[in-house]
Amino acid sequence: MARAEHDLFLLIDQSCAVQAYITRLSSNLMYLINAMALDASVQMSNETPMPWELVHEVQSLIFVKDHPSPKDSGAVANADVFHVFNGGNVRERCYQIFNITCRDKQNRILRWLLNQPQLPVCVDRAQVWALRRLCTVTEEPGVFSANDAAAVKKRALIVSRRRQRVRRSQQDASQEDLLVDAAAVVPALSSREKALMGPEHVASGKLPWITGRQRWMLPDSVAAVLSGNDPRKQLISGLSGHTESLIVIGRLFRGFDMNLMALVCVLWLAPCDHHSVFEILYTAKLHGLNFALHEDPVQFCLKLLQRYHARG
């Protein structure tokens, strides 16, 4: 990666504002999950649930994958997920937040929010009501089905309707120069991430992650539209569905900050070679980030960091 970008990633990772924001988002999600687990446990027993019943419900929401894969950047063993929420790095936390909220095919968290008449204090009621209005059936809580929740999510996520890319051949994807350098990745690998990968990958110096660059290519026509035919705008895999998903989910909680969310997504996805800084900011712009497409992406992020640093 370019030196300027690497330095930017280090500065984002060192930002107190960024770290406080991802910590607050993690805490809010855990608060919501515990509220959902308590609600489910009470409904099943019709009385005060036993502690193990509550724990079982929490685990059913958090452990999305029975066997987390070392090919996923930020993945850790299920036994380490609670440690990630309590103090993991940005990559680990974003991976868990995305998995729990977006990869659950039952859309349990979204459906619960749509159906809940009284929401936890960490949730922004206005944003939940805005999502309810995306469903043509009703705006009233209590009647949203799993299909309704899926329809709401589909309408809220616009990137998939704009993104046009093609999958690389397996032979191209396995090229050595497309692998991520373990020594250069920001933030540095945690002991949890290393444990999931195994010592052979750590010793090799190259990470087993399957990146956006390995998986996708952009047709020339699509790249020209996204970059405005400006060769200075780096492209990897097009508009970022992961960025959009984290923004849509993040908005459901009080204290949402678009600028900090954009910086979080840059640190989550760009050092792992999933997306370029420009692609992440472009995606965030579609959801309200005040980023002009002619601006230098690295300089834009540096200005945001300086703004939060000045605030103390």
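Shortest non-hydrogen contact noted between Asp181 and Gly205 is OD1-O, 3.4 Å. Here the closest non-hydrogen pair linking Arg307 and Asn259 is NH1-ND2, 3.3 Å. In this structure, Val180 and Cys272 approach most closely via the heavy-atom pair CG2-O, 3.6 Å. The minimum heavy-atom distance between Ala77 and Leu196, with the atom names listed, is N-CD1, 4.2 Å. Minimum interatomic distance between Gln96 and Val76 (heavy atoms only, all atoms of both residues): NE2-CG2, 3.8 Å. In terms of heavy atoms, Ile109 sits closest to Thr101 at CD1-CG2, 4.2 Å.
With sequence neighbours excluded, no residue forms a ring pair (Phe, Tyr, Trp, His ring centres under 6.0 Å) with Phe85. Applying the ring pair (Phe, Tyr, Trp, His ring centres under 6.0 Å) test to Phe253 and every residue at least two apart in sequence or in another chain returns nothing.
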Side chain to side chain contact (heavy atoms under 4.5 Å, CB included) for Gln116 and Asp39? Distances and angles first, verdict last. CA-CA 10 Å; Gln116 195 65 16; Asp39 181 54; 4.2 Å; yes
Test side chain to side chain donor-acceptor pair (under 3.5 Å) on Arg103 and Asn99 and set out the steps. CA-CA 5 Å; Arg103 281 193 169 153; Asn99 256 7; 2.9 Å; yes
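Under the 4.5 Å side-chain criterion, counting only non-hydrogen atoms from C-beta, Asp13 is in contact with Gln19. You'll find the side chain of Glu5 reaches within 4.5 Å of the side chain of Val298, heavy atoms only. Put simply, the side chain of Arg165 reaches to within 4.5 Å of the side chain of Ser237, judged on heavy atoms. For the pair Tyr282/Leu226, a side-chain contact is recorded, criterion being any heavy-atom separation below 4.5 Å from C-beta on. Put simply, the side chain of Leu189 reaches to within 4.5 Å of the side chain of Arg91, judged on heavy atoms. In this structure, Ser245 and Leu157 have side chains that are in contact, with non-hydrogen atoms separated by less than 4.5 Å. Using a 4.5 Å heavy-atom threshold, the side chains of Glu279 and Ile236 count as touching.
Checking Ser73 against His274 by side-chain atom types alone, a donor-acceptor pair falls below 3.5 Å. For the residue pair Asp148 and Ser145, a side-chain donor N or O sits within less than 3.5 Å of a side-chain acceptor on the partner. A donor atom on one side chain and an acceptor atom on the other are not found under 3.5 Å apart for Asn34 and Glu57. Between the side chains of Tyr95 and Asp72, at least one donor N or O sits under 3.5 Å from an acceptor N or O.
Between the Arg168 side chain and the Arg213 main chain, a donor and an acceptor come within less than 3.5 Å of each other. No side-chain donor-acceptor contact under 3.5 Å links Tyr308 to the backbone of Ser15. The backbone N or O of Leu260 sits less than 3.5 Å from a side-chain atom of Asp257, completing a donor-acceptor pair. Remark: the backbone N or O of Ser60 is paired with a side-chain donor or acceptor of Arg108 at under 3.5 angstrom. Distance alone, capped at 3.5 Å, places no donor-acceptor pair between the Glu193 side chain and the Glu92 backbone. Here the side chain of Arg93 pairs a donor or acceptor atom with the backbone of Val84 at under 3.5 angstrom. Checked by atom type and distance alone, the side chain of Lys285 pairs as donor or acceptor with a backbone atom of Phe291 at under 3.5 Å. When atom types are taken as modelled, the side chain of Gln234 and the backbone of Ser276 share no donor-acceptor pair closer than 3.5 angstrom. With hydrogens and angles disregarded, a donor-acceptor distance shorter than 3.5 Å links the side chain of Arg111 to the backbone of Phe144. In this structure, the side chain of Arg192 does not engage the main chain of Ala79 through any donor-acceptor pair within 3.5 Å.
A cation-pi arrangement is present between Arg167 and Trp216 under the rule of less than 6.0 angstrom and at most 45 degrees off the ring axis.
Counting heavy atoms of neighbouring residues, nucleotides and ligands inside a 6.0 Å radius, atom CG of Asn290 does not exceed 12 of them. For NZ of Lys65, the number of neighbouring non-hydrogen atoms (other residues, nucleotides, ligands) closer than 6.0 Å is greater than 12.
Judged as a ring-ring contact (aromatic ring centres under 6.0 Å, His included), the pairs with a partner in residues 220-243 (not counting sequence neighbours) are, in order, Phe98-His242, His242-Trp268.
The distance from the CG atom of Leu252 to the CG atom of Leu131 is 5.5 Å, given to the nearest 0.5 Å. If you take CG on Leu207 and CG on Asp273, they are separated by 11.0 Å, rounding to the nearest 0.5 Å. Note that the SG atom of Cys94 and the CG atom of Leu25 stand 7.5 Å from one another [nearest 0.5 Å]. The distance from the CD1 atom of Ile22 to the CG atom of Leu267 is 9.5 Å, given to the nearest 0.5 Å. Atom CD1 of Ile249 sits about 6.5 Å away from atom CG of Leu110, to the nearest 0.5 Å.
Following chains of ILVMFWY side-chain contacts shorter than 4.5 Å, one can reach Phe300 starting from Leu293, so the two form part of one hydrophobic cluster. Under the 4.5 Å side-chain contact rule for hydrophobic residues, Tyr31 and Phe82 do not share a cluster.
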